[in-house]
Amino acid sequence: MNREDIERIEPANFIEEEVKKDLLNGTYNEVVTRCPPEPSGYWHIGHCKAWLIDFETARKFGGYTNLRMDDTNPTKEDGNFAESYLADLEWLGCFPKKVIYASEAYFDKMYELAEKLIMDGKAYVCELSAEDVARTRGTLTSAGENSPYRDRPAEESLRLFRDMKAGKFKDGEVTLRAKIDMASPNINMRDPVIYRVLHATHYKTGDKWCIYPMYDFAHPIEDALEGITHSICDISFEDHRPLYNWFIQNCFPDMKNPPRQIEFALFNLEYVLLGKRYLKQLVNNGVVMGWDDPRFYTIVGMRRRGITADAVKNFMLNIGITKSVSILPLSAFEYYVRDDLNKKATRAMAVLDPLKVIITNYNGEPEEIEIENNPNDENAGKHKAKFGREIYIEKEDFSLAPPPKYNRLVEGGIVRLKGAYIIKCNKAVLDKNGEVDYLECEYFPDTKSGCDNSGMKCKGTIHFVEKSNSFEVTIREFKNLVKQEYLEPSKALASGVSVEELIDSDTLVERKALAENFLKTAQVGDKFQFMRKGFYCMDKDSTEENFVFNSTISLKDTYKK
RNA sequence: AGGGGUGUAGCCAAGCGGUAAGGCACUAGACUUUGACUCUAGCAUGCGUAGGUUCAAAUCCUGCCACCCCUGCCA
């Protein structure tokens, strides 16, 4: 990308401002970012923000992004996750230039650099136990004390480090530490551990290693080796930046344009639980259907629910990127879910709570009507439905004692059936309990949708299905997993509330609905708007006999009773 | 004797010395064969707070206050 192109770019946030400056003043000639997940769990909506920033920042300035597994801890990681990430990224519309496993690509070089640090007098093998390391680290307000091993000869440290690598020590017995400053006000600089002994099989490197580098050491080296220019991360690493820079300076003293770490703040969503260990607990205890439960805000969960990648992306682009902590109402996200689905979802009719209606003046076979697949999209076409003598409407669309401004069906009143005719209710037939059993209505043949020349006007339009053109489907509706009183689940958990207490019971409601036959052609993952109700997505649990639709989100309802 | 951050409307968030963008939410109203969508209007004499500099301050300076993060051989 040439200078003029760069000058023309409007930064959308402070990170892009910095990147633009760095490009314009010649610090870097291109932008290379990295998406560095630790392969240890399912991604959720929070990760999406981070990854989208990585990819979007590079894309905007003509650069590229690598997917790099930050797999330096064999006890936590699993190759199966690594593989799922590529699919998740593709879903988000992010395409990494390279896929790199840090373990495989960089462990040798890291080891080499650790030896160099030792020989430069910048690192030493420490024989303090984990407890003693913690004890001598000092506190937030007081300096730490030097390890007794701090000043041992470099040759001795080197020999011991090689012994570490050779497997001559047990887990936890010794560590390699950077020699920085035990009195630093920044605790990260107090001789951090950079290698630990871990006799564990790594999913990628197997048993080749029994020592593993720590994040603070590994990450800057990975970035430097890979030619990363901007290493964008969460604000919790702000304190680590001096360390990040220290490792690059000391490992690559001649590097001209070292990578730069920039931090931004993640966000919280009201009532949304994201913590891996808590979700795991819910999965293991059978509280939910799995990691892809539609009530989870994991990527797999959102996909199963019917939330689109564009909705997630638009949301992220809109909430902004800053360094201030934020907690967003769910409605801020849901707006984008509806907005995107409104453009894409095929319209259909389904009656969730059926009330039988007999059209007394309609005799003979049902007739065909047409339903627009999407009124917002001229190219979406239409599909066929039917109208006939026996139809079903929503129970809530009829009232014996209508509240004010009720413009649905009442006794003696008229209403339009979507895509069909205007009908008038002549009689509500009650059952022995006094409840409405069914309705007797008449229709007006000259009011057919599309060729109505009757001049009749009615205030309301309701959806319906015709008996022979409908079939029973299963609808799954979801309530928020977290109880109403816990606006910020992570805080509640931190203050001692248990997961059991946090989680609402009965957040999954399964019910039957009558859907038009058109839905029989649906495939798993297809998204629909059941008119006047909400958006639904066909679930993978569907069978030939039982179609299951997940409620993605309801339509907005501004009717005030 | 710690260090690092952040404070602009109910919630996000622009703003970069020249007199408070935008979005969500909410409230009215218009339109409507989805009470959806769309459209129109309203919504901070105020920018954590107290001073100071200036013709002019959310923007610069000083003090104070509040909240968040940091004492893993996790990332």
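Lettering follows sequence order; numbering is per chain, from 1. Only a predicted model underlies this, so the values are computations on that prediction, with no experimental measurement involved.
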Is the A:F315 to A:F333 ring centre distance short of 6.0 Å?
yes
B/S/- contact track for nucleotides 20-29 of chain B, protein heavy atom under 4.0 Å
---SSSS---
Check salt bridge (Lys or Arg N to Asp or Glu O under 4.0 Å) between A:D310 and all other residues, then give those that pass, not counting sequence neighbours.
A:K344
Taking Watson-Crick and G-U wobble contacts under 3.5 angstrom, with | marking pairs to another strand and [ ] crossing pairs, the secondary structure of RNA chain B is written .(((((((.[[[..)..(...]]].(((((.......))))).....[[[[[..)....]]]]])))))).....
Strictly below 4.0 Å, heavy-atom distances to any atom of RNA chain B: list the hits from residues 69-80 of chain A, or just say none.
A:D70, A:T72, A:N73, A:K76
Which ones in residues 367-374 of chain A lie close to RNA chain B, meaning a heavy atom under 4.0 Å from one of its atoms?
none
Salt bridge (charged side-chain N to carboxylate O under 4.0 Å, His left out): which pairs involve residues 128-147 of chain A, sequence neighbours left out?
A:D132-A:R135
Distance-only donor-acceptor pairs under 3.5 Å for side chains of residues 413-420 of chain A, two or more places apart:
from   : atom 1 : to     : atom 2 : distance (Å)
A:R416 : NH1    : A:D452 : OD2    : 3.2
A:R416 : NH2    : A:A420 : O      : 2.8
A:R416 : NH2    : A:T447 : O      : 2.1

For A:E18, the side chain to side chain contact (heavy atoms under 4.5 Å, CB included) test, sequence neighbours excluded, returns A:K21, A:R260, A:I262
Those residues of residues 448-456 of chain A lying under 4.0 Å from RNA chain B by at least one heavy atom
A:K448, A:S449, A:G450
Sequence-distant partners of A:E16, side chain to side chain donor-acceptor pair (under 3.5 Å), two or more places apart:
A:K60
I'd like to check the side chain to side chain contact (heavy atoms under 4.5 Å, CB included) partners of A:P213; sequence neighbours left out, ordered by chain and number.
A:T72, A:F107, A:M110, A:Y195, A:F217, A:A218
Scan residues 183-196 of chain A against RNA chain B and write down, sorted by residue number, each residue with any heavy atom closer than 4.0 Å; if none is found, say none.
A:P185, A:I187, A:V193, A:R196
